[in-house]
Amino acid sequence: MWWNWNIAAGRGGAEHARCSGILVVVFPNSKSEPKGLSTNELLNTLRELRVDSILLASYSKLIPVELVQAYPRSIWNIHPSLLPAFGGKGYYGLKVHKAVVASRARYSGPTVHFVDEHYDIGRTLAQRVVSMLANDTLEKLATRVLHKEHQVYVDVVTALCDDRIVWREDGVPIIRSRTNPDEYT
Ligand SMILES: Nc1nc2c(c(=O)[nH]1)N[C@@H](CN(C=O)c1ccc(C(=O)N[C@@H](CCC(=O)O)C(=O)O)cc1)CN2
Ligand SMILES: NCC(=O)N[C@@H]1O[C@H](COP(=O)([O-])[O-])[C@@H](O)[C@H]1O
């Protein structure tokens, strides 16, 4: 069963979701969000709503280990670089693209990965490549990468809905092709 619901860390995302009729719970509890849920309250809410998959998008806090352990192989995140490059603590939003441009890398692109206890080291599930341009600005690169993010996350969610995400014997997650069951990416 798919629930339209949203765990919002930012006010803009929460308001947009509410206006779209999407159930919103705010996490974590903080000074700026005193009505936010604690980890245990969030876990109870997710269980009550029978949530079985969690997808992060622009979520800028560390998901607590209790939530990671309660949802094994069931929390995904999208990161705006080709992990493991340019990931980890301090790498989010434009900071990621700034590091990529400074490195003179020839390619960048989004990564969809499983979430584990630490930032950005969970198993990679899908990536898309974006070529760097000689006159790239942070904003131009961010826009091109974001465009690919919106494509690759939709592809991953579609594969999730189709039950086409499988784990290879060596522990690598792969996606079975929608058209040819003998092909994987
Ligand atoms: N347990 C996990 N939690 C989260 C993960 C993860 O892989 N495991 N991914 C991040 C998303 N992310 C990159 O994709 C990311 C977000 C934020 C940071 C970061 O350094 N944050 C700052 C705080 C920023 C703020 O307060 O707004 C920090 O921790 O100092 C790194 C990577 C989502 N959660
Ligand atoms: N590490 C997490 C991270 O950097 N997330 C990134 O923040 C950007 C802004 O998205 P938004 O316009 O939806 O807020 C997106 O590129 C997203 O990948």
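Just so you know, ligand 1 is whichever comes first in the structure, and atom 1 is the first atom listed for that ligand. We use all heavy atoms of the structure for the numbers below, so side chains are in, but hydrogens, waters and symmetry mates are not.
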*Hey, is Gly93 one of the residues with a heavy atom under 4.0 angstrom from ligand 2?*
yes
_Any side-chain heavy-atom pair of Ile54 and Leu46 under 4.5 Å_ = yes
*So is Tyr91 close enough to ligand 2, meaning a heavy atom under 4.0 angstrom away?*
yes
*asked:* Could you check whether any side-chain heavy atom of Phe27 comes within less than 4.5 Å of a side-chain heavy atom of Thr45, counting everything from C-beta outward?
replied: no
Show me the donor-acceptor pairs, under 3.5 Å and distance only, between side chains in residues 79-93 and residues at least two apart or in other chains.
residue : atom : partner : partner atom : Å
His79   : NE2  : Ser81   : OG           : 3.0
His79   : NE2  : Phe86   : O            : 2.8
Ser81   : OG   : Ala85   : O            : 2.7
Ser81   : OG   : Phe86   : O            : 3.2

*Which residue supplies the protein heavy atom nearest to atom 1 (N) of ligand 2, what is that atom called, and how far is it?*
His79 ND1, 3.4 Å
_Sub-4.5 Å side-chain heavy-atom contact between Asn44 and Arg47_ = yes
Taking a 3.5 Å cut-off between nitrogen or oxygen atoms, can you list every pair linking ligand 1 to the protein, with distances?
residue  : atom   : partner : partner atom : Å
ligand 1 : 1 (N)  : Ile63   : O            : 3.1
ligand 1 : 1 (N)  : Asp116  : O            : 2.7
ligand 1 : 3 (N)  : Ile63   : N            : 2.9
ligand 1 : 7 (O)  : His118  : O            : 3.3
ligand 1 : 7 (O)  : Asp120  : N            : 2.8
ligand 1 : 8 (N)  : Asp116  : O            : 3.1
ligand 1 : 8 (N)  : His118  : O            : 3.0
ligand 1 : 14 (O) : Asn77   : ND2          : 2.7
ligand 1 : 14 (O) : His79   : ND1          : 2.9
ligand 1 : 14 (O) : Asp120  : OD1          : 3.2
ligand 1 : 20 (O) : Gly90   : N            : 2.6
ligand 1 : 21 (N) : Ser60   : O            : 3.3
ligand 1 : 21 (N) : Tyr119  : OH           : 3.4
ligand 1 : 26 (O) : Lys61   : NZ           : 3.2
ligand 1 : 27 (O) : Ser60   : OG           : 3.0
ligand 1 : 29 (O) : Lys89   : NZ           : 3.3
ligand 1 : 29 (O) : Tyr119  : OH           : 2.8
ligand 1 : 30 (O) : Lys89   : NZ           : 2.9
ligand 1 : 34 (N) : Lys61   : O            : 2.7

*May I ask you to test the Glu41-Asn29 pair for a side-chain heavy-atom distance under 4.5 Å?*
no
*What residue and atom, counting heavy atoms only, is the protein's closest point to atom 2 (C) of ligand 2, and at what distance?*
Tyr92 CB, 4.1 Å
*List the steps, then state whether side-chain contact (heavy atoms from CB on, under 4.5 Å) holds for Ile78 with Leu55.*
CA-CA 8 Å; Ile78 188 158; Leu55 291 105; over 6 Å; no
*Can you name the one residue among Ile165, Thr158, Val157 that meets side-chain contact (heavy atoms from CB on, under 4.5 Å) with Cys161?*
Val157
*asked:* I'd like to know if the side chain of Arg168 reaches the main chain of Val166, judged simply by a donor and an acceptor atom lying under 3.5 Å from each other, with no hydrogens or angles considered.
replied: no
*Among all protein heavy atoms, pick out the one at the shortest distance from atom 17 (C) of ligand 2; state its residue, atom name and that distance to 0.1 Å.*
Glu149 OE1, 3.4 Å
*Which protein non-hydrogen atom lies closest to atom 7 (O) of ligand 2, naming both residue and atom, and how far is it?*
Ser58 OG, 3.6 Å
*Pick out which of Thr143, Val101, Val96, Val100 makes a side-chain contact (heavy atoms from CB on, under 4.5 Å) with Leu138.*
Val101
